[in-house]
Amino acid sequence: MARKIWVFDTTLRDGEQVPGAKLNQYEKLEVAQQLKKLGVDMIEAGFPSSSTGDFNAVKEIATKVGNTDDIIITALARAVKSDIDAVYNSVKDANNPLIHIVLGTSDIHVEKKFGKSKDQIMDIGVEAVKYAKSLLPDVQYSTEDASRSDFEYLWKTIESVVKAGATIINVPDTVGYAEPEEFGELIFKLNDRLKNLDDTVLLSVHCHNDLGMATANTLAAIKNGADKVECTINGIGERAGNAALEEVVMSMNTRSSIYQAYTNINTKEIMNTSKLVSSFMGLDVQVNKAITGDNAFAHSSGIHQDGLLKSRDAYEIISPLEVGLDDMELVLTARSGRHAVKNALNKLGFNEFTDIQFEEIFADFLEMADKKKEVYNHDLYIIVENYFKESHISDNFFELVDLQVISNTSFPSASVKLKKEGQILEGSAVGSGPIDALYSAIMEISQLDIQLQEYNISSVSRGKEAVGKVKIQVEFRGEKYTAKATDTDIMKASALAFINAINNIVVEHLVPAN
């Protein structure tokens, strides 16, 4: 029978320890509200003793997000009275508040970090739990650096704090040292003893990714009896990060027969949560990141595209719909095969080619793909039009001729020249910044009411001639469109990406059906 695994999200505490990722109070509340919508069981909202700002943010989350019975709000405390008081006073207004205490158990932490004996550290932990228990009924105790601790001392500590009143025992792999088989065995032994001691106490794990095994170690723990997992969105966190919530949850869902467990996570909110955290923290998700990376459900290889078009389960073990995406993305590049190109042409209404005609069109496609890297639907129209030299579909599309962008602190402005139907169209605009001015000028020319939803820029090479890649998402008439462009001039790349998005809109809404 499947058992429930509690999901504890520490994005707002451990995740926020990433240098430069500090959130303000408004942003922390927004993320907490999205985590609640995602369906996490517990939110670790911060480290309230670290600053007045963090205390106030935790308190607001406890009041505004923890005001229902379906979620637990907690925050971190060291095993000292002042920290515990700070947690209590910041979370006490939640319907289900929890105090989380952390103290090391490995020889390295006990002897080198604290400079005390093992018995002294254990006594400190027990007294901290007793004090926290006098304030709230639910107390979590984390045995920091558990994976490098002497097992019998680790167990003796756990036994002592449970008798003192701890209701959750958390076993961290603090520095990502553990290996899945080894960590699974540790959890199995602890679970066996803990359930015999008090079967109402939850056994939790908190794994770091220093050796790239945080998700694997977390899943091994689940298989060996862990009741609760601590994760972050996108796997962010100290150093190499934490176990990624989306990876743990989707592994359990996809291989349910292996794990025999479930969570209350609403997986369709995974992408929304990932994007919100990435945007607020300014931390781009690596493109090949499992589940939430841009390429996780994108396919450009001809062999893969051919297999997917024949049967989706050939190369797709998770439907993108499950995590909140619209569908898989077949990216047309020079690596795309005939099947994918023919499928894209058919969707545009071009399906009456002879074999010879298609081969010649495919050759034109490859020539364009070598130049443009990625080929869009409007590019396919141009290829077909140039081949048959009959229709004038390309008259509907916009082409960049020239641009000038002025960036300053007073009046950022942009002037743009576009070509359409052989005519040069000019537009100028001011904006809150250079990109806003540039896009306003382009919209003035296109006369389309478009809302920019996302704008991301990254470098795809190094040195003075580095190529900038711009990816945007826009909305038009309630539908979202994604487009990209690259150039050594980031303003030009930004303009080209926006024009690609406009031409995608033109294809779908304004080009006459064939």
Side-chain angles (χ1 to χ4, degrees), residues 3-6 8 41-42 44 49 72-88 91-92 94 96-111 113-174 183-206 221-222 224-230:
R3 60 195 178 92
K4 177 187 173 180
I5 300 298
W6 295 69
F8 175 113
D41 299 291
M42 306 175 185
E44 186 168 47
S49 67
I72 294 169
I73 305 297
T74 188
L76 186 67
R78 293 163 296 186
V80 295
K81 187 175 182 295
S82 59
D83 275 27
I84 296 169
D85 285 338
V87 171
Y88 169 69
V91 305
K92 65 181 180 181
N96 292 305
L98 168 75
I99 294 174
H100 178 196
I101 299 169
V102 62
L103 188 62
T105 53
S106 69
D107 290 350
I108 295 171
H109 278 241
V110 172
E111 296 169 5
K113 180 178 174 181
F114 300 117
K116 297 182 182 295
S117 70
K118 288 185 175 181
D119 287 341
Q120 286 176 314
I121 291 296
M122 191 185 305
D123 289 342
I124 290 171
V126 168
E127 290 305 311
V129 170
K130 286 181 179 178
Y131 179 65
K133 190 73 173 180
S134 72
L135 301 174
L136 290 177
D138 293 317
V139 178
Q140 170 170 306
Y141 190 86
S142 285
T143 53
E144 189 177 12
D145 206 23
S147 57
R148 294 194 294 173
S149 300
D150 172 75
F151 178 78
E152 291 303 329
Y153 176 70
L154 174 63
W155 169 248
K156 189 176 179 183
T157 299
I158 291 171
E159 183 179 37
S160 299
V161 296
V162 167
K163 289 178 179 178
T167 53
I168 302 174
I169 294 297
N170 185 46
V171 181
D173 180 28
T174 303
F183 195 63
E185 183 180 348
L186 172 64
I187 298 306
F188 182 87
K189 289 164 65 178
L190 290 176
N191 182 60
D192 181 58
R193 293 194 184 187
L194 185 60
K195 292 301 182 280
N196 283 317
L197 176 66
D198 186 341
D199 61 7
T200 66
V201 176
L202 295 180
L203 180 59
S204 169
V205 293
H206 177 112
I222 291 170
N224 283 278
D227 305 298
K228 169 179 161 288
V229 293
E230 299 197 355

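The analysis underlying the following values was restricted to heavy atoms, covering all of them including side chains, and did not include hydrogens, waters or symmetry mates. Note that the structure is predicted; figures quoted are calculated from it, not measured.
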Assess the residue pair Ile101 and Val139 against the criterion (side-chain contact (heavy atoms from CB on, under 4.5 Å)); give the C-alpha distance rounded to whole Å, side-chain angles, the decisive distance to 0.1 Å, and a yes or no. CA-CA 8 Å; Ile101 299 169; Val139 178; 4.0 Å; yes
Can you give the donor-acceptor pairs under 3.5 Å from side chains of residues 155-162 to other protein atoms, not counting sequence neighbours?
{"residue": "Thr157", "atom": "OG1", "partner": "Tyr153", "partner atom": "O", "Å": "3.0"}
{"residue": "Ser160", "atom": "OG", "partner": "Lys156", "partner atom": "O", "Å": "2.8"}

What's the spacing between [X] [atom1] and [Y] [atom2] if we round to 0.5 Å?
X      : Y      : atom1 : atom2 : result
Ile187 : Asn224 : CD1   : CG    : 8.0 Å
Leu203 : Asp227 : CG    : CG    : 6.0 Å
Glu44  : Ile72  : CD    : CD1   : 12.5 Å
Leu197 : Lys163 : CG    : NZ    : 6.5 Å
Asn170 : Ile168 : CG    : CD1   : 8.5 Å
Gln140 : Leu76  : CD    : CG    : 9.0 Å

What pair of heavy atoms forms the shortest contact from [X] to [Y], and how long is it?
X      : Y      : answer
Lys130 : Ala164 : CG-CB, 3.9 Å
Ala166 : Val129 : N-CG1, 3.5 Å
Ala226 : Val205 : CB-CG1, 4.3 Å
Ser204 : Lys228 : OG-NZ, 2.8 Å
Phe114 : Gly104 : CE1-N, 3.9 Å
Pro97  : Leu136 : CG-CD2, 3.7 Å

For a quick check under 3.5 Å, do Asp145 and Thr174 share a side-chain donor-acceptor pair by atom type?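 The criterion, which ignores hydrogens and geometry beyond distance, is not satisfied for Thr174 and Asp145.
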With sequence neighbours excluded, what pairs up with Lys113 under the side chain to side chain donor-acceptor pair (under 3.5 Å) test?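 Scan of Lys113 (side chain to side chain donor-acceptor pair (under 3.5 Å), adjacent residues dropped) gives Glu144.
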For Tyr131, which residues count as a side chain to side chain donor-acceptor pair (under 3.5 Å) partner, sequence neighbours excluded?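 For Tyr131 the side chain to side chain donor-acceptor pair (under 3.5 Å) partners, ignoring immediate neighbours, are Lys81, Asp85.
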Partner residues of Lys4 under the salt bridge (charged side-chain N to carboxylate O under 4.0 Å, His left out) criterion, sequence neighbours left out: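 Only Asp41 meet the salt bridge (charged side-chain N to carboxylate O under 4.0 Å, His left out) criterion with Lys4.
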Among residues at least two apart in sequence or on other chains, which ones pass salt bridge (charged side-chain N to carboxylate O under 4.0 Å, His left out) with Lys92? none
Side chain of Ser49, backbone of Asp83: donor and acceptor closer than 3.5 Å?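 Side chain of Ser49 to backbone of Asp83, a donor-acceptor pair under 3.5 Å: no, none is there.
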Side chain of Ser106, backbone of Ser149: donor and acceptor closer than 3.5 Å?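 Such a contact is absent between Ser106 side chain and Ser149 backbone.
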Might you work through the side-chain contact (heavy atoms from CB on, under 4.5 Å) test for Arg148 and Ile108, ending with a clear yes or no? CA-CA 8 Å; Arg148 294 194 294 173; Ile108 295 171; 3.3 Å; yes
With Val171, the side chain to side chain contact (heavy atoms under 4.5 Å, CB included) member among Leu186, Leu194, Asn191: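 With Val171 as partner, Leu186, Leu194, Asn191 yield a single side chain to side chain contact (heavy atoms under 4.5 Å, CB included), made by Leu186.
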Without placing hydrogens or testing angles, list every side-chain donor-acceptor pair under 3.5 Å for residues 117-128, not counting sequence neighbours.
{"residue": "Ser117", "atom": "OG", "partner": "Gln120", "partner atom": "N", "Å": "3.1"}
{"residue": "Ser117", "atom": "OG", "partner": "Gln120", "partner atom": "OE1", "Å": "3.3"}
{"residue": "Lys118", "atom": "NZ", "partner": "Asp107", "partner atom": "OD1", "Å": "3.0"}
{"residue": "Gln120", "atom": "OE1", "partner": "Ser117", "partner atom": "N", "Å": "2.8"}

Do the charged groups of Lys189 and Glu152 touch, with an N to O distance under 4.0 Å? no
